[in-house]
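All figures in this text were calculated on a predicted structure; none of them were measured in a lab. In what follows, chains carry the letters A, B, and so on, assigned in the order in which the sequence lines appear, proteins first and then strands, with residues in each chain numbered from 1.
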There are 2 protein chains.
Amino acid sequence: MSTRPDPEPSLQDEAARAGWLYYVGGLTQDQIAQDLGVSRQRAQRLVSRAMAEGLIHVRLNHRIGACVDLEKALTARFGLTRCRVAPDLGPGSDGVRAIAPAAAAEFERFLRMSDPLVLALGTGRALRGMVDAVSDGIAAEHHRLVSLIGNIAPDGSASFFDVVMRLADKVRAPHYPMPVPVISSTPEENAAFHALPPIRRVVDLARQADVIFVGIGQMSDDAPLLKDGFVTREELDAMQAAGAVGEVAGWVFRRDGRYLEVGTNRRTGGVRVEPGLDRPAIGIAAGATKVPAIAGALTARIVNGLVTDEPTARAVLALAG
Amino acid sequence: MSTRPDPEPSLQDEAARAGWLYYVGGLTQDQIAQDLGVSRQRAQRLVSRAMAEGLIHVRLNHRIGACVDLEKALTARFGLTRCRVAPDLGPGSDGVRAIAPAAAAEFERFLRMSDPLVLALGTGRALRGMVDAVSDGIAAEHHRLVSLIGNIAPDGSASFFDVVMRLADKVRAPHYPMPVPVISSTPEENAAFHALPPIRRVVDLARQADVIFVGIGQMSDDAPLLKDGFVTREELDAMQAAGAVGEVAGWVFRRDGRYLEVGTNRRTGGVRVEPGLDRPAIGIAAGATKVPAIAGALTARIVNGLVTDEPTARAVLALAG
DNA sequence: CCACTAAGCGATCAATTGCTCAATCGCTGC
DNA sequence: GCAGCGATTGAGCAATTGATCGCTTAGTGG
């Protein structure tokens with residue numbers, strides 16, 4: 001119908017255009033096919049691809065009453081500076097899916113600030129989801145992104161630690177990974193790493209971060225630290241016996257949010273998030289198994305802000321009354 | 001399935017939740033119906049309502065190559081400070097639909113700035129669309145919104161002029177309407193209005209605006225000024241004979257962007273956007289009939305930024321080559 | 001040069017969705 | 001008290017959509 005003189009649109013361009021016509025324009029896939037001069041099946045695949053690759057962002061522009069109430073309750077109970085509760089996505093669904101857009105929006109608030117900031121980040125699935133949901137094209141060259149946690153895994157795989165890198169790539173900000181083992185095999189090895197001047201500089205930068213975003217891990221039998229091979233079954237058992245319920249940036253804490261003095265905490269690299277900071281320290285976490293961990297981190301004010309979902313928020317309040 | 005203890009969710013809450021489950025969660029309407037405990041038809045109506053009421057925002061997160069090229073070409077040709085070109089929504093569609101999200105994003109950039117700004121706005125369908133697409137919940141109490149154009153219509157209807165009010169309502173910013181006739185019946189009446197001290201204060205505020213957002217109207221036979229009854233057929237004919245092609249905030253200009261010295265310009269209230277400002281003056285406009293008007297406003301630098309759509313961008317470049 | 005693999009394409013078909021219509025509900029005014 | 005009126009509801013149905021399958025094509029390695 002409309003003649004398009006596109007010389008050579010990339011596949012992504014075509015997918016984006018199809019998604020735009022479908023979701024914003026409200027055209028049917030048949031019309032899109034006709035407009036783009038392709039078969040209907042191809043149009044359908046383009047639309048689906050646009051969504052899958054995150055070319056189309058969908059955000060909820062209404063504060064659902066029940067969620068606002070939970071935010072208020074959490075803020076009051078734990079004295080939070082920021083709190084967002086995303087609506088439930090239904091029983092079968094993944095908490096990370098639900099909180100990723102809200103977490104991204106929260107993060108973008110800081111990205112858009114005009115004063116230069118140092119933004120410190122942990123790792124984990126929740127943060128990964130957040131980064132994927134951040135809009136690209138927000139230029140943030142004036143901010144610095146620094147990792148709180150080491151990027152050397154026991155098996156050498158670094159795939160899980162590119163949160164800062166992926167983000168830096170998206171927003172074109174300088175970034176500072178933490179080139180130390182997540183957990184060294186001995187306290188001495190850890191100390192040796194941290195004695196090196198280049199690493200000291202990264203650590204100092206992370207310590208002076210203006211804003212902190214971290215996931216919160218549980219220390220139950222399905223602990224991420226165990227699944228990813230950072231702690232052994234025996235170490236986990238020992239720390240559980242010592243009261244471990246959760247972990248932030250690899251540092252394990254008890255039910256009341258106090259850090260353990262034993263176990264892998266003596267060998268954990270990177271920067272520990274100190275309780276009671278006056279700067280924003282936002283926890284991003286959702287899921288039934290994380291409830292005690294989240295409650296602990298909030299109680300001790302390891303984090304003073306929270307992004308979570310509806311069932312988790314309810315459970316945390318029920319647990320911590 | 002999941003038990004929801006919602007005491008009394010409002011209709012909007014329910015719609016928002018349904019939309020969230022559908023668009024973000026990817027559930028089918030049957031599942032949503034089951035989850036919310038309503039019939040499938042009701043779920044479908046809630047989802048549709050969520051979209052219609054703008055509770056769900058969809059944004060394209062990819063710069064389509066062809067649009068980027070047009071932005072570059074317009075920027076180079078007219079020396080613009082900002083330029084956004086939204087993809088075509090297809091032949092039958094309305095240009096305003098296409099540019100509203102992009103315009104809103106542009107506007108939100110300024111809203112989010114931490115320094116207090118004076119933001120001046122015109123009127124028109126394009127600005128109205130932009131305002132509707134602005135996310136609510138961006139607190140902007142520190143900015144001031146001021147209208148460039150009078151809010152007294154010949155027939156007394158003010159429905160068209162609530163752009164600033166609607167916006168102020170959304171972002172909770174103080175706002176300053178311009179309580180003068182859009183176009184007075186005599187130059188003397190206009191002068192009398194502008195001599196009043198309270199009006200002088202609003203005018204002064206608008207003159208010192210840090211950022212300006214305006215629509216661009218055409219002066220062809222379907223001119224908005226004529227349709228809305230601000231000028232008579234005879235006045236339009238006379239101004240067309242004098243070379244009128246477009247209008248910004250009610251002030252009529254010629255093909256080269258110079259303001260007319262005749263016609264209603266001698267009686268137009270409010271603040272004229274002066275050519276060549278050093279502050280951002282963003283035009284929001286799309287549509288085949290507006291092409292000469294847009295080209296004129298760009299040529300004379302009445303606006304130094306533009307948000308438009310793909311076919312309009314092509315046409316403007318073709319005309320002003 | 002040929003076999004093999006992976007990716008993309010179009011057709012068919014079942015599931016999902018959105019629209020129309022008649023019935024019901026709740027409210028207003030007589 | 002009841003007729004009238006608008007809004008809301010559920011049922012049925014047609015259009016739209018997404019998945020599967022076999023086929024073709026392009027690229028790879030022997």
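Checked against salt bridge (Lys or Arg N to Asp or Glu O under 4.0 Å), B/Arg42 has the following partners two or more places apart in sequence or in another chain: B/Glu14. Judged as a side chain to side chain contact (heavy atoms under 4.5 Å, CB included), and not counting sequence neighbours, the contacts of A/Ala133 are A/Ala100, A/Ala104. Applying the side chain to side chain contact (heavy atoms under 4.5 Å, CB included) rule to A/Val131 yields the partners A/Val163, A/Arg166, A/Leu167; only residues at least two apart in sequence or on another chain are considered. Partners of A/Asp221 by salt bridge (Lys or Arg N to Asp or Glu O under 4.0 Å), not counting sequence neighbours, listed by chain and number: A/Arg233. Contacts of A/Ser48 classified as side chain to side chain donor-acceptor pair (under 3.5 Å), with partners at least two apart in sequence or in another chain: none. Scored by the side chain to side chain donor-acceptor pair (under 3.5 Å) test, A/Thr75 finds no partners at all (sequence neighbours excluded). In this structure, the salt bridge (Lys or Arg N to Asp or Glu O under 4.0 Å) partners of B/Arg109, at least two apart in sequence or on a different chain, are B/Glu106. Listed by chain and residue number, A/Ile216, A/Lys290, A/Ile294 satisfy the side chain to side chain contact (heavy atoms under 4.5 Å, CB included) test with A/Ala285 (two or more places apart in sequence, or in another chain).
Between the axis at the start and the axis at the end of the helix from C/dC1-D/dG30 to C/dC30-D/dG1 there is an angle of 30°, using five pairs per end and rounding to 10 degrees.
Mapping heavy-atom proximity under 4.0 Å, the span of DNA chain C touched by chain B runs 5' to 3' from C/dT17 to C/dT20.
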* Going 5' to 3' along nucleotides 7-23 of chain D, which nucleotides have protein heavy atoms under 4.0 Å from the base (write B), which only from the sugar-phosphate (write S), and which from neither (write -)? -> --BBB-----BB-B---
Only distances under 3.5 Å count here; give the side-chain donor-acceptor pairs of residues 49-63 of chain B to other protein atoms, sequence neighbours excluded, each with its distance to 0.1 Å.
unit_1: B/Arg49; atom_1: NE; unit_2: B/Glu53; atom_2: OE2; d: 3.1
unit_1: B/Glu53; atom_1: OE1; unit_2: B/Gln12; atom_2: NE2; d: 2.5
unit_1: B/His57; atom_1: NE2; unit_2: A/Asn61; atom_2: ND2; d: 3.2
unit_1: B/Arg59; atom_1: NH2; unit_2: B/Glu108; atom_2: OE2; d: 3.2
unit_1: B/Asn61; atom_1: OD1; unit_2: A/Asp136; atom_2: N; d: 3.4
unit_1: B/Asn61; atom_1: ND2; unit_2: A/His57; atom_2: NE2; d: 3.2
unit_1: B/Asn61; atom_1: ND2; unit_2: A/Asp136; atom_2: OD1; d: 3.1
unit_1: B/His62; atom_1: ND1; unit_2: A/Gln12; atom_2: OE1; d: 3.4
unit_1: B/His62; atom_1: NE2; unit_2: A/Asp13; atom_2: OD1; d: 2.8
unit_1: B/Arg63; atom_1: NH2; unit_2: B/Glu71; atom_2: OE1; d: 2.9
unit_1: B/Arg63; atom_1: NH2; unit_2: B/Glu71; atom_2: OE2; d: 2.4

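Remark: side-chain polar atoms of A/Trp20 are not paired, donor with acceptor, to backbone N or O of A/Gly25 under 3.5 angstrom.
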